Every structure is written in C-alpha cells, then in structure tokens.
Amino acid sequence: MREALHVLWTTVTDIPHLAQFLAVAYVAYLLVLACYIVLQKREPVATLSWILSLAALPYIGLFVFYLFGPQKIVRQRLRRGRSREGMSAYETLCPPDDRCTELARVGQATTGLAPSTATDVDWLVDGAATYAAIIEAIGQTRRHVNLEYYIFEPDHAGIAMRDALVERARAGVKVRLLLDAVGSSRIRKHFLQPLLEAGGEVAWFHPRQLLKPFKRPWLNLRTHRKLVVVDGEVAFTGGINVTDEEDDSRNHNAYRDLHMRIRGHVVHSLQLVFLEDWIYATGQTDSVFQRTDLFPPNVPTRSQGGIQAQVLVSGPDSAWEAIHRLHVAAIQEAKRRVWLVTPYFVPGEAARMALTSAALGGLDTRLMVPKQSDSRFVTLAARSYFDELLEAGVRIYEYGPRMLHSKAFIADDRTCIVGTANFDHRSFRLNFELSMMYNDRKLTSELEAILREEFNRATEVRLNRHRPLWRERLPEAFARLASPLL
C-alpha cells in the first residue's frame, strides 16, 4: 500500500505545470463563487464573510456553501404565490381610517396580508398551559385541524398531541400535519402510522435530499413556524414547539416561553399562511380545499373585532424581511418605551442603530436574553453587542437558570409583536417565520405584566462588569465575526 501511494504521488507531482494548474483552478473556483455570492445582493459583511470562508477552505468550502450558503427561493416562490389565487375575497385592504397606521401599511405591503382584527387573544405562558389549550381545541373540532411545527418530538408531549389528532381523524375530521424535516427529524414512520391509518395527512417541509442529483437540499431554509388552526375559527401560534423540553408540568427546567390563542377575522390570514406552506410542501393545488370549510362564513368580520391584529410572515421567498423591518420601524416610531425579549440576539446594523437611538433619545429601552442559551456560540455572539448597547443606555437583563425562549416586543402602550422569530439573521432572512402584530392597549398591558415578571426574575447586566480577556472578551469577539452567518 505504501509503495502504491508513493507511485501515485510521484505520478501526480510529475505532471507538467501542476502547481500552475492548481493555482488557476483555485482562482477560477473562487472567482465563480464570489461572483455568484455578490449577485445575491446580501449585506456586504455577510457577502465578505462567505467569500473569505470559501477562500480559506478551497474546494471543501464548495460543499459547505452548497449546503448552507446564501439561497433564494425563486421558482418555489411562484408556486407559493399561486396558492393565493382565488382567496382575495377573504382579504380586506388596509381601510383609509385612523386604524390603518404606517406600520399596518408596511406590514401589508411586505407580506401581502392585510390588517385584520381579533375578537379574543389569550396569552399562554409555558408549554403545559399551551398543550392543554391546543388539545382541548382539537377535541372540539368538527371539520378540520391544520398544524405546522418546526419541532415535533415523539415524546410524552408529542404522543399526547398525536393521539388527540388520531381521535379526531377517526371521527371524520380532516387532519393535516406539516413538519419541518430537520427540526422534527426524530419522528419515524411508526410514530405517524396511527394518524395515517386514521385518515390524517402528513407532509414534510424541505425534506433532506443530499443524494438526489441536481437538487439543492435547502438544508439551511427551514419552517420555524408553530401554527395550529382549528375549523378556521381559532388559531394558536407563538414560540412553543411540541416537546417535553417545553413542558413545565414534566420538567422543572422547561423552557420559559409564550404562545397565543386567537379568535376572530385574523384567523383567515393564519389559515392562508398554513395553506401556502402545505401547497408548497406537497405540490397539491388549492383546488383540493373547500373554501367554505377552510374559511367558514360564521367567523366574525373585520369590523366585528375589537383588537387590531396583523399577521407578519417572512422567509427566503421574499426580499423584504417583513418581521425585521416591522421591528425596526416600530422602534423608530416609539415615543416612550421599547422592550425586546428574545432567546437569540444577533442584530444587524439597522436594528442596533434603532435600539441605541431609542436609548440615546431617553426611551425606556430594555433587552432580555437567556443567561445561557442552548447555543454557547450564539450566547457569545449576543454578549459581544452588550457594551455598545449599555453605553447608549439600553438596560440588558439575563434570564435564568431556565432557558428563555419567548420572542416578544413592546413599543409604547399599544404596539406589541409576538411570534416565532428570533432577533437574529437566521430568523430574519433564512427561516420561514410567523409573528403577530397587535395595536391594542389592553393586550399590550397584559403582555407587559408577563414581561415584568420575567424582568424581576432576571439579572441586570452592568457596563463595568468583570470580563476576563481569554474566557469572555476574546471568544465573544471571534463569535461576533461569524454573526452574519448565524
């Protein structure tokens, strides 16, 4: 074997002008990929980060880029768009009245979903209360139940949810379950078999296809949405996945998280979001759905809802970064207060500028993150931004020892945004995300009470804290370099 390898090496190195050939191949490889990345028109820092990474990892970097590199969905965007044909009757354009604020118009322009209303919104804190409310609603469904989840684990929480769906499917209710192929990768066929045998349908979002030629695996583009729509009348969304890690009735260290139960006209928009994702994932046409079933006429009209509500969606099928844009716009509009709670904080330049400007302008500007998230690298990256924010006057809190998983935002006394999106590049640009924006004083006051309880349990970060060079400052600085790629 050693002699054979020696002969091979001698043969290769004797090829005339080998060094020149490899150098030309390397330059060509880097030039082609650099041009492709530049044409993606992403932030300059992210573009340069990818180019430097590929230069440092010749050829191997090509495989990494193939799996995780900048990706835009174009052909798929057209397929998703077709799912809205014939549904315009259920959407009402932003009315020309005082309720149609600039934020509402921006939301409509960037998502294609009009401002709406809700009759009731209930805050659900932590997993146990959320699972109980969802299972109760599933048990009362008469026509259909649609679910979309990033993480759905085959543990106690997952089994309880599946069994509730199986019971309804056996009763003739139409059950559709859409799961992310990476987030729910522990799900096996035998777990889903009872639901399939009962007549339920299951689809996978961006299934892994590494071995399929000429097919991009879309490994980096996931649906991070958590959405349940029951009979087109009640919906649930927020940050809580289906997993024992978030079930505080079984685990005293379960994630601290926030969810919502929603009724009213805005459920039409949430139903539409699910249908687009389902049609996209399955390749079905929207003709298989009965409009009067999915959009029942007995749901309150927009004028009958007392809570101004708007669905915000974002993902790699849109360049507008709607959820990111609405957060920044709401911060800039605020006059008194800006509170932000997020498990992953890796802000871009626009968001950092908005937060520091709010604090410098004298607003009550607060940020709460976990003391230790489930990603050490992201925790380090988040802390690398603390000094700049603290110097501007932002008050920063670290929640623990439980993992904080809530994604909530308050501006002044009426505007709040809650949903699935973290405050980082991945949620704003790569994941398919879903958030709810409300313009309502009572609802915002209720959310304020929940967040105040969390602030009281958290530790405030001080600007003059002790930060050893090798253990904190240097690792944070290196983690920050990778922020555009997180």
Side-chain angles (χ1 to χ4, degrees), residues 83-124 133 137 140-146 227-238 259-276 286 289-313 322-323 325-326 329-330 333 409-419 434-448:
S83 69
R84 289 193 182 181
E85 293 179 1
M87 294 186 183
S88 59
Y90 302 101
E91 292 295 305
T92 305
L93 296 179
C94 193
D97 57 28
D98 293 339
R99 295 176 298 178
C100 188
T101 63
E102 181 181 353
L103 289 178
R105 292 195 296 272
V106 171
Q108 177 177 284
T110 54
T111 67
L113 297 169
S116 184
T117 63
T119 55
D120 298 286
V121 176
D122 300 311
W123 299 114
L124 301 171
Q140 296 173 356
T141 185
R142 304 178 303 279
R143 297 182 299 274
H144 71 268
V145 55
N146 298 323
L227 175 62
V228 179
V229 183
V230 177
D231 283 342
E233 300 174 2
V234 58
F236 297 84
T237 190
H259 223 67
M260 296 163 280
R261 175 172 49 208
I262 307 163
R263 295 183 177 88
H265 184 264
V266 75
V267 176
H268 282 330
S269 297
L270 293 167
Q271 184 83 288
L272 179 57
V273 170
F274 173 84
L275 293 184
E276 289 184 344
D286 57 2
F289 302 107
Q290 297 294 324
R291 292 292 186 275
T292 55
D293 179 41
L294 294 171
F295 301 94
N298 59 314
V299 172
T301 64
R302 184 184 188 278
S303 61
Q304 291 174 323
I307 301 171
Q308 301 301 310
Q310 190 163 5
V311 175
L312 305 178
V313 290
I323 296 177
R325 188 180 296 270
L326 265 297
E333 276 195 5
F409 169 86
I410 292 178
D412 293 339
D413 297 325
R414 298 187 61 90
T415 302
C416 62
I417 302 174
V418 179
L434 167 64
S435 291
M436 295 297 303
M437 181 171 70
Y438 300 106
N439 180 14
D440 185 82
R441 187 178 297 275
K442 179 177 181 294
L443 197 62
T444 302
S445 177
E446 293 172 354
L447 178 59
E448 175 188 347

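It should be emphasised that the depicted structure is a prediction, and the values quoted were computed from it without experimental measurement.
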Residue of the set V229, T237, T119 for which side chain to side chain contact (heavy atoms under 4.5 Å, CB included) holds with I262
T237
Is it the case that T444 and D413 place a side-chain donor and acceptor less than 3.5 Å from each other?
no
Where do V266 and A118 come nearest, in terms of heavy atoms and distance?
CG1-CB, 4.1 Å
Interatomic distance, I410 atom CD1 to L443 atom CG [nearest 0.5 angstrom]
9.5 Å
Within-4.5 Å side-chain heavy-atom neighbours: V273 and L113:
yes
Checking F409 now: which residues fulfil ring-ring contact (aromatic ring centres under 6.0 Å, His included) with it, not counting sequence neighbours?
H327
Would you say that V234 contacts R261 through its side chain, given a criterion of any heavy-atom pair below 4.5 Å between the two side chains?
yes
Nearest 0.5 Å, please: how far is OG1 in T415 from OH in Y438?
13.0 Å
D440 side, atom CG; E446 side, atom CD - distance, nearest 0.5 Å:
8.0 Å
Minimum heavy-atom separation for A330 and L103, please, with both atom names.
N-CD2, 3.8 Å
How long is the span from the CG atom in N146 to the CZ atom in F274, to the nearest 0.5 Å?
4.0 Å
Can you name the residues that form a salt bridge (charged side-chain N to carboxylate O under 4.0 Å, His left out) with R263, not counting sequence neighbours?
D122
Heavy-atom donor-acceptor pair, T117 side chain to R302 backbone, under 3.5 Å
yes
Nearest heavy-atom approach of V418 to M260 is O-CE, 3.5 Å
Where is the tightest heavy-atom contact between S269 and A114, given as atom of each residue plus distance?
OG-O, 4.4 Å
Can you tell me if Q140 and D231 form a side-chain donor-acceptor pair at under 3.5 Å?
no
For the residue pair F295 and H268, does the interplanar ring angle fall in the parallel (under 30°), tilted (30 to 60°) or perpendicular (over 60°) class?
tilted
Rounded to the nearest 0.5 angstrom, the CZ-CD distance for R105 and Q310 is 11.0 Å
Close side-chain approach of Q308 to P115, heavy-atom, < 4.5 Å:
no
Can you tell me how far apart CD (E333) and CG (D412) are? Round to the nearest 0.5 Å.
9.0 Å
On a heavy-atom basis, which atom in I323 and which in L434 lie closest, and how many Å separate them?
CD1-N, 4.1 Å
Evaluate the side-chain proximity of V311 to M436: yes if any heavy-atom separation is below 4.5 Å, no if none is.
yes
T110 versus V106, closest heavy-atom pair with distance:
OG1-O, 2.8 Å
